[in-house]
Structures are given as structure tokens and as C-alpha cells.
Novice: 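One structure follows; several queries about it will come next.
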Amino acid sequence: MLAKENNYDVVIVGAGLSGQAAAAEAVSKGLKPLVVEKGRTTGGSGDYVEGIFAVETPMQKAQGIDIKKEDILHEEQEFSHFEADTLIWKDYINLLKM
């Protein structure tokens, strides 16, 4: 889709979950964002989000769940038919330390 405006306050590259969240935040601040996406669809790796989880954290352990980061990464890659960005998933999983 072509842009309908000529002037924008902010340009957001990528229409994945982060880009969409950035656009929503820009609008909530009264700004006019332009979101550009190189792919055929929006969503990015966020298309494969199933919900929140807490890998190897006290929250997980308190529930008696013993799943390793490598297991979660493999599960998510299989779920997305290996279309989700592995590097992004690795970074995301490694950030989940509490």
C-alpha cells in the first residue's frame, strides 16, 4: 500500500511486533508514523508468538517446569516451520533472565 500522507514525524522500518508497537506508541504521543515493511506480510517473527513464557527463571521453576533454552528454541523453530528468525529468538530467550 502506498503512503497517503506526504509528511510524517517518524519513520519506522519493519512491521513486526516491535514496529507495530512503535507505531502505536507514536500515535499515542500525537505523532504521525510511517511504517515501511520489505516483506509481503506484517508481523515478522511475532507471527509465531504463542504467549509469554519464562525460560529458566524462578517463575518457571516455582511451577515445577524444567525446560531448557535450547528446547524452547527448537520448539519455536519447529512451530514456525523454521521461518522465524533464529537469531532474534536466541536473543529474546537469553534476555529472559530474572
Side-chain angles (χ1 to χ4, degrees):
M1 177 190 328
L2 296 175
K4 296 180 181 180
E5 302 282 333
N6 291 326
N7 295 309
Y8 297 92
D9 298 309
V10 62
V11 175
I12 299 164
V13 178
L17 286 182
S18 296
Q20 292 176 25
E25 183 67 17
V27 169
S28 76
K29 302 289 186 197
L31 301 172
K32 291 195 306 187
L34 171 65
V35 180
V36 293
E37 171 59 49
K38 70 177 180 178
R40 295 177 302 173
T41 61
T42 62
S45 291
D47 287 344
Y48 309 108
V49 173
E50 301 167 54
I52 63 167
F53 59 91
V55 181
E56 296 181 0
T57 62
M59 179 191 302
Q60 183 187 39
K61 291 173 186 170
Q63 296 296 315
I65 301 169
D66 185 28
I67 298 175
K68 302 295 179 213
K69 292 178 183 179
E70 297 79 20
D71 298 333
I72 291 292
L73 180 62
H74 182 73
E75 179 86 17
E76 292 302 326
Q77 289 298 298
E78 280 192 347
F79 179 79
S80 72
H81 303 285
F82 297 87
E83 290 183 21
D85 188 320
T86 303
L87 295 177
I88 290 174
W89 265 103
K90 283 181 183 177
D91 287 346
Y92 177 66
I93 291 170
N94 286 327
L95 286 174
L96 294 173
K97 295 181 181 177
M98 297 180 125

Novice: Does P33 reach the side chain of D9, with side-chain heavy atoms less than 4.5 Å apart?
Specialist: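 In short, these two side chains do not touch, never coming nearer than 4.5 Å.
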Novice: Using 0.5 Å steps for rounding, measure from the CD atom of E76 to the OG1 atom of T86.
Specialist: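 Going from the CD atom of E76 to the OG1 atom of T86 covers 11.0 Å.
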Novice: Only one of T42, I12, V35 passes side-chain contact (heavy atoms from CB on, under 4.5 Å) with Q20; say which it is.
Specialist: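 Checked T42, I12, V35 against Q20; only one passes side-chain contact (heavy atoms from CB on, under 4.5 Å): T42.
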Novice: Tell me, do D71 and K68 make a side-chain contact under 4.5 Å, heavy atoms counted?
Specialist: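 SC-SC contact between D71 and K68 confirmed.
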Novice: Find the distance between CD (E70) and NZ (K90) and round it off to the nearest 0.5 Å.
Specialist: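 These two atoms lie 9.5 Å from each other.
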Novice: Return yes if some donor-acceptor pair links the side-chain N/O of E37 with the main-chain N/O of A15 below 3.5 Å, else return no.
Specialist: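 Checking the backbone N and O of A15 against the side chain of E37, a donor-acceptor pair under 3.5 Å is found.
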Novice: Is it true that the side chains of E78 and H74 contain a donor and an acceptor less than 3.5 Å apart?
Specialist: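 Side-chain D/A pair, E78 to H74: present.
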Novice: Look at the side chain of E56 and the backbone N and O of K69, then say whether any donor-acceptor pair between them is shorter than 3.5 Å.
Specialist: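 Yes, the answer is positive, given that a donor and an acceptor are paired below the 3.5 Å cut-off.
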Novice: Quick one: does any side-chain atom of Q63 pair with a main-chain N or O of I65 as donor and acceptor, under 3.5 Å?
Specialist: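 Not at all, since once roles are kept as given, no pair shorter than 3.5 Å links the two residues.
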Novice: Would you kindly confirm whether V10 and V13 end up in one hydrophobic cluster when ILVMFWY residues are joined by side chain heavy atoms under 4.5 Å apart?
Specialist: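 V10 and V13: separate clusters.
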